[in-house]
Amino acid sequence: MGDLAFERRHLWHPYGSMREPGPVHLVAQAEGVWLTLSDGTRMIDAMSSWWAAAHGHRHPRLVAAMRAQLERLPHVMFGGLTHDPAIALAQRLVAMLPKGLDRIFYSDSGSVAVEVALKMAVQAQLGLGHPGRVGFASARGGYYGDTWKAMSLCDPENGMHSHFGAALQVQHFVPRPPIAFGAEWSDDPARNGLGAVEALFAEKADRIAAFIVEPVVQGAGGMWFYHPRWLAGLRALCDRHGVLLILDEIATGFGRSGTLFAMDRAGVVPDILCIGKALTGGMMTFAATVASDRVAGAIAGGPAPVLMHGPTFMGNPLACAVACASLDLLAEGGWLAQVAGIEDGLRRGLAPARGLAGVRDVRVLGAIGVIEMGEALDTGRVHGFCRESGVWLRPFGRLLYCMPPFVTTPAEVARICAAMVEIAGWQA
Ligand SMILES: *Cc1c(COP(=O)(O)O)cnc(C)c1O
């Protein structure tokens, strides 16, 4: 048994305190959708371990791919050297991404992939002859990671701005896309949110390198699903004002929202794309930033024709090999029916929450289910209830949500929903 008193004293957890650490469950092993705690308690990982374990835990094909790579070449530096898994993964990504979006930079985590995207944008603008375009814009309600520049673009209110005082640069924000996914679109720029983008660009585009946004599904910044037409409108405005468009598909990529990429719903192709999380099926920390030919060309034609980034563990062979296996599983196509089935189950299972007094909204898209409460949830109580209900959930603020692995069965989806509806009922 792990020494939890020692762990409480010495280990930080995400967004955690050393003075009053939150409770933690000790996980001994995982298989499929199930986490097994050290005392034998089992819980369904309804979070897919933060969007990553799309095929469930310890999928035999992923384990085999990683094991085989481990025996050959676990790691080697990427500066001046390359290897088959890096090439094979790039081939798969190029085949699945829109044409012309195919210049790939590997990195170790989503936040770093976002940093690389922002650096690419500035270097490309330099190459295009716009040295004044060094700022960034985003919509409120976004989440792009925890590194400095990424953090500065997260929602300025529910994000981390207040924790860092003046140290955190202020960027340019427009309101979050106001029209919900599935609601009726309005062409009125004052109502559809595009007027605010246009006003920002009209005033400041000559100082903005890029606009970054999560396509259609805003994740950790508010779990908001917005109308794809907003994204199409944003693309047109970016083009008109010379602003590059960065799409962050780190959470939504690889089937999660019901299409292979969330941007597919809008038919929008970005100048720069960030992917991560489920890229390795949740087996390894890994991410990539993909630039268009035009962006890559602009950087290459710039004053410093090299892209100035190069992580120690760039292109790690274990991560590339397991990502290949994960993309092969996706390519077999089963995810489409699985995600549609989960979406169905979530719609049915979460519907009873709509009538509850404390509930403000219930929304489902693909394999993502959200109950938005009127007030913040008691996360300590939820934590304890997870063990009781056998469903692992990790709400934040007013948002109780799940994104179960694609292999979750209808009965397991029903169980997740029942646990969520019960928690939502506490605020009645
Ligand atoms: C998780 C996430 C990130 C950051 O990824 P890390 O691997 O945690 O650094 C960035 N953008 C989005 C949309 C995310 O969901």
Side-chain angles (χ1 to χ4, degrees), residues 12-16 45 47-54 105-121 136 138-156 158-160 171 176-177 210-226 231 234 245-257 259 261-263 265-266 268 270 272-290 309 311-314 316 319 322-323 326 365-368 370 394-397 399 401-404:
W12 253 300
H13 282 265
Y15 317 104
D45 185 357
M47 307 300 288
S48 293
S49 282
W50 274 343
W51 311 85
F105 190 101
Y106 294 133
S107 59
D108 0 37
S109 75
S111 303
V112 176
V114 169
E115 296 291 330
V116 170
L118 300 172
K119 285 168 103 172
M120 282 178 175
F136 296 99
S138 187
R140 287 173 183 266
Y143 176 78
Y144 310 103
D146 293 353
T147 49
W148 280 101
K149 207 67 167 181
M151 186 167 69
S152 74
L153 286 150
C154 293
D155 187 275
N158 76 20
M160 292 165 279
Q171 309 289 347
R176 78 172 186 186
F211 194 107
I212 182 169
V213 71
E214 299 148 279
V216 183
V217 174
Q218 289 186 305
M223 300 301 294
W224 172 245
F225 311 147
Y226 64 82
L231 197 59
L234 175 68
L245 177 61
I246 302 171
L247 292 186
D248 179 346
E249 289 253 15
I250 291 165
T252 47
F254 310 108
R256 174 58 62 185
S257 70
T259 47
F261 293 98
M263 62 186 181
R265 295 202 186 258
V268 161
I272 304 170
L273 175 73
C274 300
I275 49 178
K277 289 201 163 111
L279 174 57
T280 61
M283 294 275 283
M284 289 283 285
T285 175
F286 196 62
T289 311
V290 188
H309 205 90
T312 305
F313 286 94
M314 181 167 179
N316 173 258
V322 75
S326 181
L365 185 63
I368 312 167
V370 184
R394 178 88 178 158
F396 76 96
L399 297 162
Y401 62 104
C402 70
M403 49 278 193

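Numbering of ligands and ligand atoms starts at 1, following listing order. For the numbers below, each heavy atom of this structure counts, side chains included, while hydrogens, waters and symmetry mates do not.
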Legend entry - Residues in the immediate environment of ligand 1 (any heavy atom closer than 4.0 angstrom): S109, G110, S111, Y143, Y144, G145, E214, D248, I250, A251, K277
Could I get the full list of side-chain hydrogen bond (donor to acceptor under 3.5 Å, both in side chains) partners for [X], not counting sequence neighbours?
| X | result |
| --- | --- |
| R140 | E157 |
| S49 | D45 |
| S152 | Q171 |

Inset, instruction - Over 60° means perpendicular and under 30° means parallel, so classify the ring planes of W51 and Y401, tilted if in between. - result: tilted
Inset, instruction - Compare all side-chain heavy atoms of I212 with those of S138 and state whether any distance is below 4.5 angstrom. - result: yes
Legend entry - Backbone N/O of G219 and side chain of E214: donor-acceptor pair under 3.5 Å: yes
